[in-house]
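Residue numbers begin at 1 in each chain, while the letters A, B, ... track the order of the sequences.
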Number of protein chains: 2
Amino acid sequence: MRKIPNDKEIIEFLKAAGLRATRQRVAIGQQLFLSEDRHVTAEQIHIESLQLGCSVSLATVYNVLHRFTHAGLLRELAIDSGRSYFDTNISSHQHLYFEDTAKLCDMPGDNIEIKAIPSLPPDTAISRIDVIIRVKNKTNSD
Amino acid sequence: MRKIPNDKEIIEFLKAAGLRATRQRVAIGQQLFLSEDRHVTAEQIHIESLQLGCSVSLATVYNVLHRFTHAGLLRELAIDSGRSYFDTNISSHQHLYFEDTAKLCDMPGDNIEIKAIPSLPPDTAISRIDVIIRVKNKTNSD
DNA sequence: GTGATTGCAAATCTTTTGCACTAAA
DNA sequence: TTTAGTGCAAAAGATTTGCAATCAC
């Protein structure tokens, strides 16, 4: 397997999150955390890993993405039934989803205001609020 | 098959939407449109249909729900990757999703305000804005 | 060494598809 | 009668699972 730079950084990062720094996790961590925020699917990461020369099974990609999510390093988004997206930006923010291309991106700024929260049943609390602005081509009649 | 009341109403309703009033569509239409707003999955409607004495195949349930959606009678929601919900309330509104029970309901009132829409690429327009308030049990650490 | 992690293949679950059959208009 | 709609079974995709092999610590 090819030597990818910045191993050290990622290894420290994973350990700080309480995760064992396996070869596969380090490689996926580099794909996710060394550049700007990303919105990826498991399939994407799998293909990308193989292209980068890191052999990982798809099952392990799912495993790693879910562990990263539980460790608070990723957020899983339901945008499209039938496919999960994982977002490396875990701060509170909103999304822009291009229906024609299935591309997802962060929305610049904080343009949504919650005026009032409805009263919730006892012992329940808000886990999070998802806002997705769905965009499509004007000429596309779908 | 059992005779269900209000056939006429639903038949007119479907025809007004440009849909042929087949036995299966009438039965599913009754489940969806004769009571208060509902949030259902295909599986739910399938089981419910069989319980009501209307034999429908699951493939037809999907077919019908999608046709209803294209005809503007339903809205399809991505709440949970891996399962589609269909909402009979097609007006602009927000959702409350109980993560522990996978129950979805409309949010009373209009508590979200969009302060500013980001500038979009040319020839694209907002299709819709989904807001989902995710709620979970306080004692549940998931 | 020991327990966590991985790989693989099979299983599961939701949704879609192809095609012959049926029914609405 | 004509064409849309249905049923079934099989296919397709995404994700999960079980278990033996492997690796991090």
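- When the C1' atoms of four end pairs are superposed on the next four at each end of the helix from dG1(C)-dC25(D) to dA25(C)-dT1(D), using five pairs per end, the two resulting axes differ in direction by 40°, to 10°.
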Which donor-acceptor pairs under 3.5 Å do the side chains of residues 72-81 of chain B make with protein atoms, sequence neighbours left out?
unit_1	atom_1	unit_2	atom_2	d
R75(B)	NH2	I90(B)	O	2.8
E76(B)	OE2	S84(B)	OG	2.7
S81(B)	OG	S84(A)	OG	3.1

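- In terms of the salt bridge (charged side-chain N to carboxylate O under 4.0 Å, His left out) criterion, R20(B) has no residue partners (sequence neighbours excluded).
- Within the structure, the ring-ring contact (aromatic ring centres under 6.0 Å, His included) test picks out the following pairs touching residues 34-61 of chain B (sequence neighbours left out): H39(B)-H95(B).
- Taking P122(B) as the reference, nothing meets the side-chain contact (heavy atoms from CB on, under 4.5 Å) condition, with sequence neighbours excluded.
- Counting 5' to 3', DNA chain D first comes under 4.0 angstrom of a heavy atom of chain A and last does so at the ends given by dA14(D) to dC25(D).
- Annotation for L50(A): hydrophobic cluster partners, listed by chain and number, are none (ILVMFWY side-chain heavy atoms under 4.5 Å, direct or chained).
- Listed pair T60(A) / dT6(C) fails the phosphate criterion, with no side-chain N or O lying under 4.0 Å from OP1 or OP2.
- Y85(A) pairs by the ring pair (Phe, Tyr, Trp, His ring centres under 6.0 Å) definition with nothing, not counting sequence neighbours.
- By the salt bridge (charged side-chain N to carboxylate O under 4.0 Å, His left out) test, R38(A) is found to be paired with E48(A), residues two or more places apart in sequence or in another chain being considered.
- Counting only residues at least two apart or on different chains, the ring-ring contact (aromatic ring centres under 6.0 Å, His included) pairs with a member in residues 7-28 of chain A are F13(A)-F33(A).
- The salt bridge (charged side-chain N to carboxylate O under 4.0 Å, His left out) test applied to R134(B) returns D130(A), not counting sequence neighbours.
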How would you summarise protein contacts on nucleotides 12-25 of chain C per nucleotide, using B for base, S for sugar-phosphate only and - for none, with heavy-atom distances below 4.0 Å? --SBBB------BS
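- The shortest heavy-atom contact between R23(B) and S55(B) is NH1-O, 3.6 Å.
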